[in-house]
Amino acid sequence: MNSRDPQAVSPSGIPSPVFRNTLSQRTEPLLTRVPGEVTMYVCGVTVYDDCHLGHARSQTVFDLLHRLLRRLGYRVRYVRNITDIDDKIIRKAQETGRTIGEITDIYIDSFHRDMRRLGILSPEKEPRATRYLDPMIRLIGTLLEKEYAYRRGNDVYFRVRKYGAYGELSHQKIDDLQAGARVATDEEKEDPLDFALWKGAKPGEPSYPAFFGDGRPGWHIECSAMSLSELGETIDIHGGGMDLMFPHHENERAQSESATGKRFVGIWIHNGFVTLNEEKMSKSLGNIFRIRTFFETSPFPEEVTREWLRVFLLSTHYASPVDLTEDNLAHAKNALDSLYLFKNRLEGVPGESREGPRTLEFLSALCRDMDTPVAFRVLHEAKNALNPLFSPGEVPPEDQLSDARALFEAARNILGILDLPSSGWVYGKGESGTREESLPPEEMDRLVLEREKARREKDYSRADAIRERLKNAGYLLEDNPGGLPRIRKI
RNA sequence: GGCGGCGUAGCCAAGUGGUAAGGCAGAGGUCUGCAAAACCUUUAUUCGGCGGUUCGAUCCCGCCCGCCGCCUCCA
């Protein structure tokens, strides 16, 4: 990279972030079409069921990217679609006796609730497939005109072999794909690899008018149409789960590039799976863990659960699998607890934030293909370096404190964690006490003072009894030689 | 079968051609009325295995073993 190239640095002045591009299989700097502005399209969901932790990971990873790019000073034009017309939605409607609109309403709400719970920042636009039928029809029209598409009965198919680059994204040779392709007897495709752009109307299925025949869009075409409409012919970043690489993204790319003659995507980014005891979580395997289940069974309040889950999902590099186990979840919670304990000390010394070496190390780690494990390391190193410098009447030097404040702010803004005041955090495993006894604040204050009195009188059995009572109510008292005890929620 | 990825301590996980970050958990200790928190010390002669290149490889090359994923709906 030429250092005089204005694109070698992000608008913030920090060197441009680099990402592993699925297409080239190399790590490449982000070179945006428009300087200072990033166009990013991420596959959202098909709304026919509640989202599971795999969706949570994907959305969290691209939320991290969204937040990182913003922090680097880019204007991020982030589009995340909702596919609301699809075979699976139709089937779900038939199974449940509801209308398609009812199904999509239910699951769009569910998706939005999950995203809110996860603390995912809203994208700039969230287009729905059914509102982009005209662009889809126009796109299919162009493909027909250019003979990249052909009609068979009421269906329209994409002519895969005419697009020479087919298979490049998923690194498959077209003949290898051919060998595995399923040949459906009721389809009259020229080639088994060809895929449907438009499915002719059938009784009992929704259909939309089109000049090549009434029907509904096939999978894939909606994403091409929406990204083309909202972000233009070439987008800087396109993301999604690894399982979308083939056929979804391969097909999207084929359609889009065939229609426009231009490169569709600068950098393709695919995140790895969430595994459950090392097995892929997927609907076909039936081992899914829903986001709502995670939140609704968590022993912690929503905002605590959110950060806990985010740390768990981000503790592994986005391209590697992350394994959902009790152990790994417990580690994530412990790590956050210790960071909040440190945050509590940091909050005790108000002052300004100024980016120093730790903050820069944190940012540059994230700029290296979102290296979150290193980013977490930096947070822990800051904690471990500054903690010993706190002692009664002593605080660490101001330059280190201001850097640590900036670091924690960056963690809040980019990782979406450490967002709560330390008094709002709930420590521990969420197992202590029955929590049935809720204490009004004034009662708690009274008990704390009563215990202090007991301690002064060396009536330790009484002091311990009060501490035990507070513990059962979910509060841990930590004696403090300098004054009143610190109260931690557990 | 084809393609891709991975294999680093109990677990999670960085990393570099020059002799192994960090976290969590564990052990011992300091402090404390006891705790908690914090702190100190401690935990891989070794980076799946075998060869090769090199003065020197965990990092480069080859082979092998094991795991995972994609090739079919899927974040």
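Convention: sequence-line order gives letters A, B, ...; per-chain numbering from 1.
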Please report the distance separating the [atom1] of [N] from the corresponding atom of [M], rounded so that it comes out in whole Å.
N: B:rG51; M: B:rC59; atom1: P; answer: 14 Å
N: B:rA20; M: B:rA9; atom1: P; answer: 15 Å
N: B:rG10; M: B:rA44; atom1: P; answer: 10 Å
N: B:rC70; M: B:rA75; atom1: P; answer: 12 Å
N: B:rG1; M: B:rC11; atom1: C1'; answer: 36 Å
N: B:rA21; M: B:rA14; atom1: C1'; answer: 6 Å
N: B:rA25; M: B:rC65; atom1: P; answer: 39 Å

Exercise for the section: Return no unless some side-chain N or O of A:Thr46 is found under 4.0 Å from OP1 or OP2 of B:rC73. Expected result: no

Problem - Pairing residues for A:Ser227 by the side chain to side chain donor-acceptor pair (under 3.5 Å) criterion, not counting sequence neighbours - result: none

Measure from [atom1] on [X] to [atom2] on [N] and round the result to the nearest Å.
X: A:Ile269; N: B:rA75; atom1: CD1; atom2: P; value: 19 Å
X: A:Asp479; N: B:rA38; atom1: CG; atom2: P; value: 15 Å
X: A:Tyr460; N: B:rC34; atom1: OH; atom2: P; value: 9 Å
X: A:Ile466; N: B:rA36; atom1: CD1; atom2: P; value: 20 Å
X: A:Lys471; N: B:rC34; atom1: NZ; atom2: P; value: 17 Å
X: A:Phe294; N: B:rA75; atom1: CZ; atom2: P; value: 20 Å
X: A:Tyr340; N: B:rA37; atom1: OH; atom2: C1'; value: 18 Å
X: A:Lys189; N: B:rU72; atom1: NZ; atom2: P; value: 10 Å

[X] has a side chain; which of [options] sits nearest to it?
X: A:Asp371; options: B:rC71, B:rG15, B:rA38; result: B:rG15
X: A:Ser58; options: B:rG33, B:rC39, B:rA75; result: B:rA75
X: A:Asn328; options: B:rA36, B:rC11, B:rC34; result: B:rC11
X: A:Lys173; options: B:rA37, B:rC3, B:rA75; result: B:rC3
X: A:Gln172; options: B:rC70, B:rG33, B:rA37; result: B:rC70

For [X], report the nucleic acid contact type (base, sugar-phosphate, nothing); a contact means any heavy atom under 4.0 Å.
X: A:Met245; result: nothing
X: A:Arg455; result: base
X: A:Leu477; result: base
X: A:Phe273; result: base
X: A:His317; result: sugar-phosphate
X: A:Gly54; result: base
X: A:Asn387; result: sugar-phosphate
X: A:Gly44; result: sugar-phosphate
X: A:Arg462; result: nothing

Handout entry: Pairwise 5' ranking along RNA chain B for A:Phe62 and A:Phe246, keeping only the more 5' one
Key = A:Phe246

Handout entry: Residues in ring-ring contact (aromatic ring centres under 6.0 Å, His included) contact with A:Phe408, at least two apart in sequence or another chain
Key = A:Phe342

Handout entry: Qualifying residues under ring-ring contact (aromatic ring centres under 6.0 Å, His included), relative to A:His220, sequence neighbours excluded
Key = A:Phe195, A:His248

Sequence-distant partners of [X], side chain to side chain contact (heavy atoms under 4.5 Å, CB included), two or more places apart:
X: A:Thr325; answer: A:Asn277, A:Asp323, A:Asp327, A:Asn328
X: A:Glu326; answer: none
X: A:Asp87; answer: A:Lys199, A:Arg216
X: A:Ser338; answer: A:His380, A:Lys383

Exercise for the section: Spell out, as yes or no, whether a donor-acceptor pair under 3.5 Å connects the side chain of A:Asp459 to the backbone of A:Ala454. Expected result: no

Handout entry: Side chain A:Arg467 and base B:rA35 donor-acceptor under 3.5 Å
Key = yes

What does the list of N/O pairs under 3.5 Å between the protein and nucleotides 21-27 of chain B look like, with a distance for each?
unit_1	atom_1	unit_2	atom_2	d
B:rA21	N3	A:Arg377	NH1	2.9
B:rG23	OP1	A:Asn384	ND2	2.5
B:rC24	OP1	A:Lys383	NZ	3.3
B:rC24	O3'	A:Asn334	ND2	3.3
B:rC24	O2'	A:His331	NE2	3.3

Exercise for the section: Please check if the distance between the ring centroids of A:Phe294 and A:Trp308 is under 6.0 Å. Expected result: yes

Handout entry: Centroid-centroid under 6.0 Å between A:His238 and A:Tyr41 rings
Key = yes

Exercise for the section: State plainly whether the residues A:Lys189 and A:Asp155 are in salt-bridge range, i.e. N to O under 4.0 Å. Expected result: no

Exercise for the section: May I ask you to decide whether A:Glu409 forms a salt bridge with A:Arg405, counting only side-chain N to carboxylate O separations under 4.0 Å? Expected result: no

Exercise for the section: From the options A:Thr305, A:Asp63, A:Thr60, select the one residue that forms a side-chain hydrogen bond (donor to acceptor under 3.5 Å, both in side chains) with A:Arg310. Expected result: A:Asp63

Could you pull out the protein-nucleic contacts involving nucleotides 4-7 of chain B (nitrogen or oxygen on both sides, under 3.5 Å)?
none

Exercise for the section: Return the minimal non-hydrogen interatomic distance between A:Glu307 and A:Trp425, and the atom names on each side. Expected result: OE1-CZ3, 3.8 Å

Problem - Pairs satisfying salt bridge (charged side-chain N to carboxylate O under 4.0 Å, His left out), at least one member in residues 475-490 of chain A, at least two apart - result: A:Arg451-A:Asp479, A:Arg455-A:Asp479, A:Arg467-A:Asp479, A:Glu478-A:Arg486, A:Glu478-A:Arg488

Handout entry: Per-nucleotide pairing state of RNA chain B [Watson-Crick or G-U, under 3.5 Å; [ ] pseudoknot-crossing; | other strand]
Key = (((((((..(((.....[...))).(((((.......))))).....(((((..]....))))))))))))....

Exercise for the section: With A:Lys88 as the cation and A:Tyr48 as the aromatic partner, state whether NZ or CZ is under 6.0 Å from the six-membered ring centre and within 45° of the axis. Expected result: yes

Practice task
Mind listing the residues from residues 84-94 of chain A sitting with a heavy atom below 4.0 Å of RNA chain B? Number order is fine.
Solution key: A:Lys88

Exercise for the section: Would you check if there is a donor-acceptor pair between the side chains of A:Glu222 and A:Thr83 at a distance under 3.5 Å? Expected result: yes

